[in-house]
Amino acid sequence: MQADLLLNVQSKLGEGPLWDERENVLYWVDILGCALHRYNPATDNHDTFDVGQHVGTVILDDEGKILLAVQDGFARFDSTTETLTMLADVEADNDNIRFNDGKADPAGRFWAGTLAYDGTPHAGTLYCLDTDGIVSIKERDVTISNGIVWSTDHQTMYYIDSPTGVIYAYDYDKDTGDISNQKIVIKVPPSMGAPDGMAIDSHNQLWVAHWGYGAVVCWCPTTGEPMQEITVPATQVTACAFGGDDLKTLYITTARTGLSNDDLQEQPLAGGLFVAQTNDEGTLTYRYRG
């Protein structure tokens, strides 16, 4: 299967696609471009908002308002005024750390992790902003915190620390937000790049963006085997999300960062937003309830 270009936005580091099923629009971020994007497939209208600092991911709350994980922590964002209001300055004292990928969990908490700008191993942390506004640490010694999703029965959380080349599963307690019993369910061969952002479908298959490989791969966490592959005409594939009326449209973000001038000549669409029609139904994205 081949993904098609939807928008040639040339993001420095596109990430965090999120489908809003109420408004039927897609959000995503350009981390290094300090931008939030919103696209309406029905009208072809594309809006870009200046966040003012590096932005790792976007989620929505129950009222449809925007929350972001930005360089220093968790924040709310008013797209009308382009105003950022910090909720938790978790990493404000560390200039070498920024937030990266994240999502809301089934109970409405906001999870997001960090990484070091200079690539220092194990300098990152996986945080959780609870609905009462309290931030807790869920995992330490992370290098590049990335994809995170929950199974449809709310019993399992899947998580990626990209340089490890594996996808972890945890027992997840929806009531408390506790995770335990970490185990490896998928090992990505080095020849397939590094696992990055991911989505989960209604059958609990994991759709994983493979950085450096130019594809989204659907993995079965039960067998640990790849099920299908969607090729993308850009090697730095970062994340994906299901959307559309039937949740069978897969939106895919990519990046230009890390590519040489020669690479960009060969990949002129790098950094674009891509789309692929699948036969698999995705799941609705959870919302923050704080």
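All values below were derived from every heavy atom in this structure, side-chain atoms included, with hydrogens, water molecules and symmetry-related copies excluded. In this text, all values refer to a predicted model and were calculated from it rather than measured experimentally.
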Practice task
In sequence, state the C-alpha distance, the side-chain angles, and the governing distance for V208 and V216, and then conclude on side-chain contact (heavy atoms from CB on, under 4.5 Å).
Solution key: CA-CA 5 Å; V208 182; V216 172; 5.9 Å; no

Exercise for the section: Just do the side chain to side chain donor-acceptor pair (under 3.5 Å) check on Q205 and D201 with the steps written out, would you? Expected result: CA-CA 6 Å; Q205 298 176 122; D201 67 23; 2.9 Å; yes

Problem - Chi angles and distances behind the side chain to side chain donor-acceptor pair (under 3.5 Å) call for S151, D153 - result: CA-CA 5 Å; S151 61; D153 64 4; 2.6 Å; yes

Handout entry: Test log, rule side-chain contact (heavy atoms from CB on, under 4.5 Å), inputs E266 and L259
Key = CA-CA 10 Å; E266 296 177 0; L259 297 176; over 6 Å; no

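Distance check, rounded to the nearest 0.5 Å: OG1 of T152 to CG of L284 gives 12.0 Å. Interatomic distance, T57 OG1 to I148 CD1, rounded to the nearest 0.5 Å: 10.0 Å. Once rounded to the nearest 0.5 Å, the distance linking CG of L68 with CD of Q53 reads 9.0 Å. Rounding to the nearest 0.5 Å gives a distance of 4.0 Å between CG of D118 and CG of N96. Of the inter-residue distances, the one linking R76 atom CZ with Y288 atom OH reads 6.5 Å to the nearest 0.5 angstrom.
Aromatic pair Y159/W111: ring centres not closer than 6.0 Å.
Cluster annotation: V70 is not connected to L87 through the hydrophobic network of ILVMFWY side chains, with a link wherever side-chain heavy atoms come within less than 4.5 Å. V237 is connected to W207 through a chain of hydrophobic side-chain contacts under 4.5 Å among Ile, Leu, Val, Met, Phe, Trp and Tyr, so both are in one cluster. In the hydrophobic clustering of this structure, I160 does not group with L126; members are Ile, Leu, Val, Met, Phe, Trp, Tyr whose side-chain heavy atoms approach within less than 4.5 Å, directly or through other members. L18 and L84 fall within a single hydrophobic cluster, where Ile, Leu, Val, Met, Phe, Trp and Tyr side chains are chained together by heavy-atom contacts under 4.5 Å.
Taking 4.5 Å as the limit, some side-chain heavy atom of F274 sits within range of a side-chain heavy atom of P233. Within the 4.5 Å cutoff, side-chain heavy atoms of N100 are placed close to those of I31. Counting only heavy atoms from C-beta outward, the side chains of R22 and R287 approach each other to under 4.5 Å. Side-chain contact between E229 and M192 is present, with heavy atoms from C-beta onward closer than 4.5 Å. In this structure, I230 and T278 have side chains that are in contact, with non-hydrogen atoms separated by less than 4.5 Å. In this structure, the side chains of W219 and Y158 stay at 4.5 Å or more apart for every pair of heavy atoms. In this structure the side chain of Q228 reaches within 4.5 angstrom of the side chain of D280, judged on heavy atoms. V188 is not listed as a side-chain neighbour of Y213, based on a closest heavy-atom distance of 4.5 Å or more.
Between W19 and the options Y251, F242, Y286, Y27, a ring-ring contact (aromatic ring centres under 6.0 Å, His included) holds for only Y251. Tested against Y39 for a side chain to side chain contact (heavy atoms under 4.5 Å, CB included), the candidates N45, D47, L6 yield a single pass: L6.
If you check the side chains of Q277 and T249, you find a donor sitting under 3.5 Å from an acceptor. Judged by distance alone, the side chains of R38 and N40 never bring a donor and an acceptor atom under 3.5 Å apart.
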